[in-house]
Engineer: 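The structure is given below, and queries will be raised subsequently.
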Amino acid sequence: EGKLQLYDNNTLTTVIRSFGDSYIQGGNVGIGTTAPGNKLTVADPATWLDLFDTTSMAVDQGGQLNFSGYGIGTTTVGNFALISGAKENVTSGDYKGYFAFFTNIGSVPGALSEKVRITSQGNVGIGTTVPGQKLSVEGRLRAVLTTGTDNGVVCIDTVDELLRRA
């Protein structure tokens, strides 16, 4: 295993390994800039951040961006939300993909559940992973209008019946 270690006043601050974990302690990291303003700053006229999944081609495989933090004190880390871009099918050479948003559903650190999906066809599903229309909502839908003098609430239940209009 190749390893690069950097020290500041005899204190190990950076470890870069060819295999395994690497880290930088303290400060910000810049790619394409010498003045990063955040923990990670990528600066380039054509900035592209690639989250590449090296798993063999399969449905639901792709890059993910996880949002996590401490759920109990400063010892138990949990996942709060996740964004995923993944392959929509199992067909070799077919690159159709979907974009999905997940949130944690309770008290289990890794219990993420998909809430919204945008398919390769541009259909958006809320509460469903197979939206058949431009907007598919699983469960009740509530729309509130509060513009000008027109105020009202429209609710639609799961069998497309109008429940209330105020």
Side-chain angles (χ1 to χ4, degrees), residues 1-8 11-33 35-44 47-90 94-144 155-158:
E1 168 185 318
K3 179 169 58 173
L4 171 67
Q5 295 179 319
L6 302 176
Y7 292 83
D8 184 14
T11 302
L12 181 62
T13 59
T14 304
V15 175
I16 299 173
R17 291 184 173 93
S18 56
F19 295 98
D21 295 337
S22 298
Y23 63 86
I24 298 172
Q25 287 189 274
N28 297 332
V29 175
I31 300 173
T33 180
N38 295 295
K39 289 295 177 189
L40 175 62
T41 301
V42 180
D44 188 82
T47 299
W48 184 294
L49 181 62
D50 191 2
L51 303 175
F52 185 81
D53 184 347
T54 60
T55 307
S56 182
M57 183 225 42
V59 68
D60 297 328
Q61 294 298 320
Q64 298 180 335
L65 183 59
N66 187 45
F67 300 87
S68 62
Y70 292 116
I72 301 172
T74 58
T75 57
T76 304
V77 175
N79 300 322
F80 303 131
L82 181 133
I83 299 171
S84 175
K87 187 164 174 46
E88 202 169 64
N89 57 61
V90 296
D94 187 338
Y95 295 93
K96 289 184 184 96
Y98 66 86
F99 197 62
F101 298 87
F102 295 75
T103 60
N104 196 310
I105 59 173
S107 61
V108 178
L112 296 172
S113 173
E114 186 173 333
K115 299 298 189 290
V116 177
R117 179 179 290 212
I118 303 170
T119 68
S120 63
Q121 298 298 315
N123 294 345
V124 176
I126 301 174
T128 178
T129 60
V130 288
Q133 305 295 321
K134 288 298 175 193
L135 177 62
S136 296
V137 179
E138 181 70 30
R140 287 190 167 186
L141 173 67
R142 181 173 190 258
V144 179
C155 294
I156 301 173
D157 73 9
T158 57

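These numbers come from the heavy atoms of this one structure, side chains and all, not from hydrogens, waters or symmetry mates.
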Engineer: Do you know which two heavy atoms are closest between Asn66 and Ala81, and how far apart they sit?
Structural biologist: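 Closest approach of Asn66 to Ala81, heavy atoms only: OD1-O, 3.2 Å.
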Engineer: Measure across Ser68 and Gly78 and return the closest heavy-atom pair with its distance rounded to 0.1 Å.
Structural biologist: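 It is CB-O, 3.0 Å.
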Engineer: Just grab all the side chain to side chain donor-acceptor pair (under 3.5 Å) pairs involving residues 118-132, residues at least two apart or on different chains.
Structural biologist: Glu88-Ser120
Engineer: When you compare the side chain of Leu65 with that of Leu51, does any pair of heavy atoms fall below 4.5 Å?
Structural biologist: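 Yes; the side chains approach each other to less than 4.5 Å.
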Engineer: For the atom pair CG (Leu82) and CG (Leu112), what is the distance rounded to the nearest 0.5 Å?
Structural biologist: 6.0 Å
Engineer: Roughly how far apart are Tyr7 OH and Thr13 OG1, rounded to 0.5 Å?
Structural biologist: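 Here the rounded value is 9.0 Å.
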Engineer: Is there any ring pair (Phe, Tyr, Trp, His ring centres under 6.0 Å) pair reaching into residues 99-132, and which pairs are they, with sequence neighbours excluded?
Structural biologist: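 Of all non-adjacent pairs touching residues 99-132, those that pass ring pair (Phe, Tyr, Trp, His ring centres under 6.0 Å) are Phe99-Phe101.
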Engineer: Would you check if the side chain of Ser18 reaches a backbone N or O of Gly2 as a donor-acceptor pair within less than 3.5 Å?
Structural biologist: yes
Engineer: Has Gln5 got more than 12 heavy atoms of other residues, nucleotides or ligands less than 6.0 Å from its CD?
Structural biologist: yes
Engineer: Restricting to non-hydrogen atoms, name the atom on Lys39 and the atom on Gly27 that form the minimum distance, rounded to 0.1 Å.
Structural biologist: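 Lys39 and Gly27 have their closest heavy atoms at NZ-O, 3.5 Å.
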Engineer: Given side-chain contact (heavy atoms from CB on, under 4.5 Å), test Asn104 with Phe67 step by step and report yes or no.
Structural biologist: CA-CA 10 Å; Asn104 196 310; Phe67 300 87; over 6 Å; no
Engineer: Give every residue pair that meets the salt bridge (Lys or Arg N to Asp or Glu O under 4.0 Å) criterion with at least one member in residues 100-115, sequence neighbours excluded.
Structural biologist: Glu114-Arg117
Engineer: Under the salt bridge (Lys or Arg N to Asp or Glu O under 4.0 Å) definition, can you give me all pairs with a residue in residues 60-71, not counting sequence neighbours?
Structural biologist: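 Qualifying pairs: none.
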Engineer: Determine whether Val59 and Lys87 make a side-chain contact, defined as any pair of heavy atoms from C-beta on separated by less than 4.5 Å.
Structural biologist: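 SC-SC contact between Val59 and Lys87 ruled out.
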Engineer: To the nearest 0.5 Å, tell me how far Ile16 CD1 sits from Lys3 NZ.
Structural biologist: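 Atom-to-atom, Ile16:CD1 and Lys3:NZ are 12.5 Å apart.
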Engineer: Going by salt bridge (Lys or Arg N to Asp or Glu O under 4.0 Å), name the pairs with one or both residues in residues 11-27, residues two or more places apart or in two chains.
Structural biologist: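 Counting only pairs at least two positions apart or across chains, the salt bridge (Lys or Arg N to Asp or Glu O under 4.0 Å) contacts touching residues 11-27 are Glu1-Arg17.
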Engineer: State the NZ-CG distance between Lys96 and Asn89, to the nearest 0.5 angstrom.
Structural biologist: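 It comes to 6.5 Å.
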Engineer: Look at atom CD1 of Ile72 and say whether more than 12 heavy atoms of other residues, nucleotides or ligands are closer to it than 6.0 Å.
Structural biologist: no
Engineer: Show me the pairs that pass salt bridge (Lys or Arg N to Asp or Glu O under 4.0 Å) and involve residues 23-32, at least two apart or across chains.
Structural biologist: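 Of all non-adjacent pairs touching residues 23-32, none passes salt bridge (Lys or Arg N to Asp or Glu O under 4.0 Å).
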Engineer: Verify the neighbour count for atom CZ of Phe19: are there more than 12 heavy atoms of other residues, nucleotides or ligands below 6.0 Å?
Structural biologist: no
Engineer: Could you state the interatomic distance from CD1 (Ile31) to CG (Leu40), rounded to the nearest 0.5 Å?
Structural biologist: 5.5 Å
Engineer: Hey, could you give me the OH/OG1 distance between Tyr70 and Thr76, rounded to the nearest 0.5 Å?
Structural biologist: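 If we round to the nearest 0.5 Å, Tyr70:OH and Thr76:OG1 are 9.5 Å apart.
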Engineer: Can you check side-chain contact (heavy atoms from CB on, under 4.5 Å) on Asn28 and Asn38, steps first, answer last?
Structural biologist: CA-CA 6 Å; Asn28 297 332; Asn38 295 295; 5.5 Å; no
